[in-house]
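Working notes for the structure below.
Just follow the structure's listing: the first ligand is 1, and inside any ligand the first atom is 1.
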Amino acid sequence: MTLLTLNDTCSIGARAMDDQHGILMDTLNEITQAVDRGRGREEISELLDRLIEFTRMHFWSEERLMEQSGFSGLAEHRAEHHRMLAHMLHSAHRVQYGERVFIPPLLCSLRESYLEHIAGPDQEYGPWLNEHGVR
Ligand SMILES: [Fe+2]
Ligand SMILES: [Fe+2]
């Protein structure tokens, strides 16, 4: 699987959030490399747990910035974060406990959901934050 890069089109323009997105991509790449190298379920599970922990922190940071700046799309964005977290927790649970789980497609779907979210809904709050003094 190819490694992910956070190119300029995915920059949202608020540095702290862009940095966090970079860390998310790095973590997804670590998982991708572990899967490509045929690492065991236990190691993949640990990496997924790390991804989930960091994602929780990132979502919280985004929502707090949106809240502080009075962003009108907060409720919808938060609901999308909840959907993504549920998807991740379900995937991590399958990796840890599922029988005959084939990990690559599951990882592909996780990678897609991050990329779609950063290239989609996350782009909407960037300009708003900039207008409210967050860069
Ligand atoms: Fe984000
Ligand atoms: Fe988001």
Could you grab the angle centred on the Fe ion (ligand 2), going from NE2 in H117 to NE2 in H81, to 10°? 90°
Any idea which N/O/S atom from E62 gets closest to the Fe ion (ligand 1)? OE2
Could you check whether R83 pairs with E80 (Lys NZ or Arg NE/NH1/NH2 to Asp/Glu carboxylate O, under 4.0 Å)? yes
Proximity of H117 and H21 rings by center, below 6.0 Å: no
Side-chain touch T55/L24, heavy atoms, less than 4.5 angstrom: yes
Of all the N, O or S atoms in H58, the one nearest to the Fe ion (ligand 1) is NE2
Have a look at D122 and say which of its N, O or S atoms is nearest the Fe ion (ligand 1). OD2
Whether the S69 and Y125 side chains hold a donor-acceptor pair (N or O, under 3.5 Å, no angle test) is what I'd like checked. no
